[in-house]
Amino acid sequence: MCKLGDIIVVKEFKDRNGNLVPKHSFVVINDEPDFIEGLEYDFISNVMCSFHDEKHKKRKLSIKSNLEIKQHQICGKKLNNKEGYIRADDLFYFKKRK
């Protein structure tokens, strides 16, 4: 279903505060099944976010763990093809069947 390096779109997910966040892209960084705190998962990913404007871009890129993604680096029909960034310091654990 997904493998290392894939960019996938998740219908919704919970952020670190437990808030439900709608449709977002993620980069798969590990596709080996395992458990964390007793919960099973199939892959680990980082969230991708778009820039809202130049001020937002400057602020987000001032954070060392955020990695910029340029428009020419994105391909695929189902992705939004906007410049943005990967939050490399946030790991998200998912089950493929969900």
Side-chain angles (χ1 to χ4, degrees):
M1 179 180 167
C2 63
K3 61 186 182 306
L4 185 68
D6 282 353
I7 296 175
I8 60 166
V9 178
V10 173
K11 183 178 175 181
E12 59 186 19
F13 71 99
K14 289 184 181 178
D15 68 11
R16 66 178 88 166
N17 298 319
N19 299 317
L20 200 59
V21 179
K23 190 175 174 182
H24 245 77
S25 298
F26 288 82
V27 179
V28 177
I29 60 171
N30 182 325
D31 64 345
E32 297 294 322
D34 205 347
F35 294 87
I36 185 168
E37 295 185 12
L39 299 174
E40 188 179 4
Y41 65 86
D42 290 316
F43 69 94
I44 305 171
S45 61
N46 293 118
V47 68
M48 294 179 66
C49 301
S50 299
F51 297 122
H52 303 291
D53 54 37
E54 283 301 314
K55 183 178 178 182
H56 182 250
K57 179 178 180 177
K58 185 176 180 180
R59 184 168 47 95
K60 292 300 181 178
L61 293 180
S62 70
I63 300 169
K64 290 183 181 185
S65 59
N66 288 344
L67 305 172
E68 183 175 13
I69 299 297
K70 303 257 186 202
Q71 191 171 11
H72 73 274
Q73 296 173 302
I74 302 169
C75 60
K77 295 177 183 176
K78 294 185 179 183
L79 302 174
N80 66 18
N81 296 330
K82 292 182 182 178
E83 283 193 354
Y85 61 99
I86 295 172
R87 290 187 353 215
D89 64 340
D90 271 341
L91 300 178
F92 291 84
Y93 300 81
F94 292 99
K95 288 291 294 169
K96 292 177 185 177
R97 71 175 184 266
K98 291 185 179 183

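Just so it is clear, the values below take in all heavy atoms, side chains as well, and ignore hydrogens, waters and symmetry mates.
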For Arg59 and Ser62, which heavy atoms make the closest approach, and how far apart are they?
O-OG, 2.6 Å
Shortest non-hydrogen pair, Arg16 vs Asp90, comes out as NH2-OD2, 2.7 Å
Go through it in stages, so that I can follow the logic: the residues are Met48 and Val27, the test is side chain to side chain contact (heavy atoms under 4.5 Å, CB included), and I'd like the CA-CA distance, side-chain angles, deciding distance and then a yes or no.
CA-CA 7 Å; Met48 294 179 66; Val27 179; 3.5 Å; yes
Residues in side-chain contact (heavy atoms from CB on, under 4.5 Å) contact with Leu91, at least two apart in sequence or another chain:
Ile29, Ile44, Asn46, Tyr93
Residues in side-chain contact (heavy atoms from CB on, under 4.5 Å) contact with Glu12, at least two apart in sequence or another chain
Leu20
Mind jotting down which residue pairs meet the salt bridge (charged side-chain N to carboxylate O under 4.0 Å, His left out) criterion with at least one end in residues 32-43? Sequence neighbours excluded, please.
Glu40-Lys95, Asp42-Lys95
Please collect all salt bridge (charged side-chain N to carboxylate O under 4.0 Å, His left out) contacts where either partner lies in residues 47-57, sequence neighbours excluded, each pair once.
Lys57-Glu68, Lys57-Glu83
Interatomic spacing from CD1 in Ile86 to CZ in Phe26 - rounded to 0.5 Å:
11.5 Å
Nearest-0.5 Å distance that lies between atom CZ in Phe35 and atom OH in Tyr41:
9.5 Å
Using atom types as modelled and distance alone, determine if a side-chain donor or acceptor of Asp15 lies under 3.5 Å from a backbone N or O of Asn17.
yes
With Asp31 via side-chain hydrogen bond (donor to acceptor under 3.5 Å, both in side chains) - residues at least two apart:
none
Would you say that Val9 contacts Lys23 through its side chain, given a criterion of any heavy-atom pair below 4.5 Å between the two side chains?
yes
For Ile8 and Phe43: C-alpha separation, side-chain torsions, deciding distance, then whether side chain to side chain contact (heavy atoms under 4.5 Å, CB included) applies.
CA-CA 11 Å; Ile8 60 166; Phe43 69 94; 3.4 Å; yes
Parallel, tilted or perpendicular: rings of His56 and His52 (30°, 60°):
tilted
Rest of the hydrophobic cluster containing Phe51 (Ile/Leu/Val/Met/Phe/Trp/Tyr, side-chain heavy atoms under 4.5 Å)?
Leu61, Tyr85
